[in-house]
Student: 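My structure is below; once you've seen it, I'll send some questions.
Ligands are counted one by one from 1 in listed order, and the atoms in each one are counted from 1 as well.
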Amino acid sequence: MSKKLYIETLGCAMNVRDSEHIIAELNEKDDYTLTENSGEADLILINTCSVRERPVQKLFSELGMFNKVKKEGAKIGVCGCTASHLGQDIIKRAPYVNFVLGARNVSKIGEVLHKDKSVEVDIDYDESDFAFKDFRSSPYKAYINISIGCDKQCTYCIVPKTRGEEISIPADLIQKEAQKAVQGGAKELFLLGQNVNNYGRRFSGEHEKVNFTELLRRISKIEGLRRIRFTSPHPFHMDDEFLEEFANNPKICKSMHMPLQSGSSKVLKEMKRGYTKEWFLNRVEKLKSMVPEVSLSTDIIVAFPGESDEDFYDTLDVMRQVEFEQIFSFKYSPRPLTEAAEFTNTIDEEIGSERLSTLQELQNELLDKNVFKLLGKVYEVYFEELRADGYVSGRSDNNHLVKVKGSEELLGKFADVKITEVGRVSLVGEIVK
Ligand code: SAH
Ligand code: SF4
Ligand code: F3S
């Protein structure tokens with residue numbers, strides 16, 4: 001009988017893909033199959049995130065819980081970004097943990113599994129051309145890593161310390177993987193990296209120099225592929241060539257994640273983001289003039305050290321000008337190994353919380369104002385999920401979550417849907433074609 005693997009994945013899409021790689025490797029080499037019940041698992045893995053403080057505390061309480069419920073002889077492993085930065089300390093604090101595997105060492109899962117108390121967290125390890133075995137959690141869309149690590153040094157961010165320097169995965173490997181995913185039935189590809197539009201910055205070894213725009217062109221030639229999405233692009237690298245490819249390539253979905261972080265040029269400088277408020281707004285304007293239907297999402301941090309009321313109003317001002325469809329907003333959280341952790345001009349907790357709720361209220365106001373404009377529109381929707389309430393849901397090209405009454409026959413299909421009801425999070429519609 002095959003062994004059982006229980007895996008919990010926190011954090012970003014890159015972690016989701018890393019978990020898929022781990023599942024595939026363990027299945028191929030050690031005959032593990034997935035279970036949703038940690039109590040029956042032979043191996044329990046947590047694929048961790050350490051971008052903000054809270055999830056780190058949660059990790060240790062969860063580990064304690066898993067240690068109580070696990071069956072006799074079962075192993076526990078900690079993977080991902082917190083594994084990278086805490087390393088050996090995890091085993092010191094939770095001695096029942098069997099191994100620690102960093103976010104940049106995923107390909108070593110088969111080794112650490114059989115070496116009790118091993119810790120593999122080298123952030124210089126290069127697995128950019130490792131051919132992982134294949135596993136995909138969705139038959140409809142495929143995540144594909146196009147780069148590992150990050151070369152930016154945003155002063156608040158721990159990621160470069162957990163995932164190491166940026167290396168692009170060779171274009172021919174990406175193309176092969178994309179081709180295989182499409183042959184396997186995926187009609188949508190989701191290209192992943194911390195800095196996708198900086199693709200081609202550095203390859204390990206001799207590889208053809210290809211930039212992101214060229215990579216998009218090549219991938220979009222794959223027959224049977226309908227949609228390409230990607231995350232995260234960096235506003236600094238949104239040059240005209242890239243925006244034009246985005247606008248003119250019909251397979252690229254017309255939704256763009258544009259992580260703003262702050263609307264104040266002063267704060268952006270302190271964050272070392274490499275762009276100003278004006279540059280960001282200029283890129284949005286250019287994008288909207290080329291693709292009027294484009295929907296934009298963003299990440300914003302409030303209460304970064306030194307953020308004055310005026311700086312915060314600049315952020316609100318950008319929100320009013322851009323009218324994002326979706327905002328992921330966070331209160332600044334000081335992280336070890338980062339430059340900003342040393343800054344002394346920190347902002348009071350309460351001010352941070354107030355700013356966060358002001359921002360979220362403004363976002364709700366903007367959504368409520370804009371969402372009615374979607375009534376009666378017709379979107380092509382790719383159906384991916386069966387809902388418990390008799391609905392099937394999917395995404396429009398510009399990333400609206402759309403639900404229609406229906407059953408599993410719709411899954412994996414495209415249909416034109418006319419929007420009949422609107423809400424902040426999802427839309428309801430009827431199939432017209
Ligand atoms: N590479 C992506 C971001 C990855 S981290 C980019 O540059 O946009 C995801 C998000 O977490 C960031 O966009 C940021 O908004 C948030 N984040 C990162 N570090 C943080 C910190 N120290 N405190 C609060 N939020 C943080
Ligand atoms: Fe972090 Fe900045 Fe790199 Fe994004 S670009 S992962 S925020 S250092
Ligand atoms: Fe978290 Fe690591 Fe992603 S810190 S956001 S899992 S890159």
Student: Could you establish whether K331 and ligand 1 come within less than 4.0 Å of each other, counting only heavy atoms on the residue side?
Tutor: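 Yes, that is the case, since the closest heavy atom of the residue is under 4.0 Å from the ligand.
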Student: Ligand 1 versus S333, non-hydrogen atoms closer than 4.0 Å: side chain, backbone, both, neither?
Tutor: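 For S333, the contact with ligand 1 is made by both the backbone and the side chain.
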Student: With respect to D299, determine whether any N or O atom, backbone or side chain, lies less than 3.5 Å from an N or O atom of ligand 1.
Tutor: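 Yes; the residue has a nitrogen or oxygen that sits under 3.5 Å from a nitrogen or oxygen of the ligand.
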Student: For ligand 1, does R335 get within less than 4.0 Å through its side chain, its backbone, both, or neither, judged by non-hydrogen atoms?
Tutor: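 For R335, the contact with ligand 1 is made by the side chain alone.
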Student: Under 4.0 Å from a heavy atom of C49: which atoms of ligand 3 are those, numbered in the order shown and with their elements?
Tutor: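 Those qualifying, in numeric order: 1 (Fe), 4 (S), 5 (S), 6 (S).
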Student: Run the numbers for me: atoms of ligand 1, each under 4.0 Å from some heavy atom of Q194, listed by number.
Tutor: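 Close to Q194: 1 (N), 2 (C), 3 (C), 4 (C).
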Student: Less than 6.0 angstrom separating the ring centers of F132 and F130, yes or no?
Tutor: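 Judged by ring-centre distance (under 6.0 Å), F132 and F130 do meet the cut-off.
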Student: Given that the side chain starts at C-beta and the backbone is N, CA, C, O, which of these parts of P259 lies under 4.0 Å from ligand 2, counting heavy atoms, or is it both or neither?
Tutor: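 Contact part for P259 vs ligand 2: neither.
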Student: Closer than 3.5 angstrom, by distance alone: can the side chain of K251 be matched with the main-chain N or O of I222 as a donor-acceptor pair?
Tutor: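 Answer holds: yes.
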Student: One residue to check: Y156. Relative to ligand 1, which of side chain, backbone, both or neither has a non-hydrogen atom less than 4.0 Å away?
Tutor: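 Answer for Y156: both.
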Student: Counting only heavy atoms, tell me which of M14, R163, K161 gets closest to atom 7 (S) of ligand 3.
Tutor: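 Heavy atom nearest to atom 7 (S) of ligand 3 belongs to R163.
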Student: Using the ring of F99 (Phe, Tyr or Trp, six-membered ring only), decide whether K115 places NZ or CZ under 6.0 Å from its centre and within 45 degrees of its axis.
Tutor: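 Output no; distance or angle outside limits.
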Student: Answer yes or no for R273: is there a heavy-atom contact with ligand 2 below 4.0 Å?
Tutor: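 Under 4.0 Å: yes for R273.
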Student: Within the side chain of N37, is there an N or O that forms a donor-acceptor pair under 3.5 Å with the backbone of G39?
Tutor: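 Checking the backbone N and O of G39 against the side chain of N37, a donor-acceptor pair under 3.5 Å is found.
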Student: Think K108 forms a cation-pi with Y125, using NZ or CZ under 6.0 Å from the six-ring centre and within 45 degrees of its axis?
Tutor: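 Here K108 passes the 6.0 Å and 45° test against Y125.
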Student: Polar contacts were defined as any N/O atom of the residue lying under 3.5 Å from an N/O atom of the ligand; does this apply to H234 and ligand 1?
Tutor: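 Among all N and O atoms of H234, none is under 3.5 Å from an N or O of ligand 1.
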Student: Ring centroids only, cut at 6.0 angstrom: are H234 and Y275 within range, meaning strictly under it?
Tutor: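 Judged by ring-centre distance (under 6.0 Å), H234 and Y275 do meet the cut-off.
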Student: Is atom 3 (Fe) of ligand 2 under 2.8 Å from any N, O or S atom of C150?
Tutor: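 Yes, within the cut-off.
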Student: Which of the numbered atoms in ligand 3 are below 4.0 angstrom from a heavy atom of C12?
Tutor: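 Selected atoms, number and element: 3 (Fe), 5 (S), 6 (S), 7 (S).
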Student: Run N370 and E323 through side-chain hydrogen bond (donor to acceptor under 3.5 Å, both in side chains) and show every step you take.
Tutor: CA-CA 8 Å; N370 286 330; E323 303 193 324; 3.2 Å; yes
Student: Just to check, does V159 reach to within less than 4.0 Å of ligand 1 when the distance is taken from its heavy atoms?
Tutor: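 Under 4.0 Å: no for V159.
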Student: Determine yes or no for a side-chain-to-main-chain donor-acceptor pair under 3.5 angstrom, with T155 supplying the side chain and E270 the backbone.
Tutor: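 Looks like yes, one N/O pair under 3.5 Å.
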Student: When you measure from the centre of the six-membered ring of Y382, is the NZ or CZ of R227 under 6.0 Å away and within 45° of the axis?
Tutor: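 No.
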Student: May I ask you to check if ligand 1 and S232 share an N or O to N or O distance below 3.5 Å?
Tutor: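 There is no such contact.
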Student: Please confirm whether K141 makes a cation-pi placement over F190, using NZ or CZ under 6.0 Å from the six-membered ring centre and within 45° of the ring normal.
Tutor: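 No, K141 and F190 do not form such a contact.
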Student: Yes or no: does A103 have any heavy atom under 4.0 Å from an atom of ligand 3?
Tutor: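 The answer is no, since A103 has no heavy atom less than 4.0 Å from ligand 3.
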Student: Which one holds for N15 and ligand 3: side chain close, backbone close, both close, or neither close, with close meaning a heavy atom under 4.0 Å?
Tutor: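 The answer is the side chain.
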Student: Distance under 4.0 Å to a non-hydrogen atom of Q194: what atoms of ligand 3 satisfy this?
Tutor: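 This gives 7 (S) as the contact atoms.
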Student: Please find the pair of heavy atoms, one from P95 and one from K117, that lie closest to each other, and give the distance.
Tutor: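 Nearest pair, atom of P95 first, then K117: O-NZ, 2.6 Å.
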Student: With heavy-atom distances below 4.0 Å as the criterion, list the atoms of ligand 3 near C81.
Tutor: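 So the atoms of ligand 3 that pass are 2 (Fe), 4 (S), 6 (S), 7 (S).
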Student: How far is atom 4 (S) of ligand 3 from its nearest protein heavy atom, and which residue and atom is that?
Tutor: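 Of the protein heavy atoms, S50 N, 3.3 Å lies nearest.
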